[in-house]
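Down below is the structure, laid out as structure tokens.
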Amino acid sequence: MIKTSERERLQERREQVVRDLEELSEQIEDDQLDRATADRLHAVYAEELADIDETIAGLGDEPVEETESADEEVRVRGFSYGTVAIASLTLMLLTGLIIWAGSRPAPDDAESAASSPGATVDAGAIDIEGMSTEELL
């Protein structure tokens, strides 16, 4: 079972915020953001970084509380990557079969008429003039 400590999770988040601040600086240099938006984002990231640092400092030498990682949490719910892959492949296979069955040509009319109960089959052209009245009835 993969476990991560609260401290490790905070450290990872802190590293992400630092990367976000660096990217924000690059966007400012490249004129990708207007100054007001850049200032607002910088304040948000700086506040989040200060909160994370404060939380990490507050942990001190306390016992580390371990939490399950996201991968393990997904696995506990029964949706591992393998299960999702198998379900997706099965769904694609069934969809393909339905499309294939629907695209097959319809049977000829003579075949379908012959297979219908009470249907008569046209045996071709019949010369009515050469038939007697009894044969016509």
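All values derive from a computational prediction rather than experimental measurement.
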Hydrophobic side-chain clustering at under 4.5 Å (ILVMFWY, transitive links): who's grouped with I98? Put none if nobody. none

Please round to the nearest 0.5 Å and tell me the distance separating atom CD of Q27 and atom CD of E22. 12.5 Å

For residues 39-48, tabulate all N or O donor-acceptor pairs below 3.5 Å that involve a side-chain atom, not counting sequence neighbours.
from : atom 1 : to  : atom 2 : distance (Å)
E48  : OE1    : R13 : NH2    : 3.2
E48  : OE2    : R13 : NE     : 2.7
E48  : OE2    : R13 : NH2    : 2.7

Could you grab the distance from atom OG1 of T37 to atom CZ of R35, nearest 0.5 Å is fine? 11.0 Å

Listed by chain and number, what are the side chain to side chain donor-acceptor pair (under 3.5 Å) partners of D30, not counting sequence neighbours? none

S25: side chain to side chain donor-acceptor pair (under 3.5 Å) partners, not counting sequence neighbours: none

For D20, check side chain to side chain donor-acceptor pair (under 3.5 Å) against everything at least two apart and list the hits. Q16

Value rounded to 0.5 Å, distance of CD1 in I52 from CD in E15: 10.5 Å

Ionic contact status for E6 with R9, cut-off 4.0 Å: yes

If you link I, L, V, M, F, W and Y whenever their side-chain heavy atoms are under 4.5 Å apart, who else ends up in the same group as L89? M92

Side chains of L24 and L33, heavy atoms from C-beta outward: is any pair under 4.5 Å? yes

Could you tell me the separation between the CZ atom of R14 and the CG atom of L49, rounded to the nearest 0.5 Å? 5.0 Å

Just verifying a value: how many Å separate I28 CD1 and D34 CG, rounded to the nearest 0.5 Å? 10.0 Å

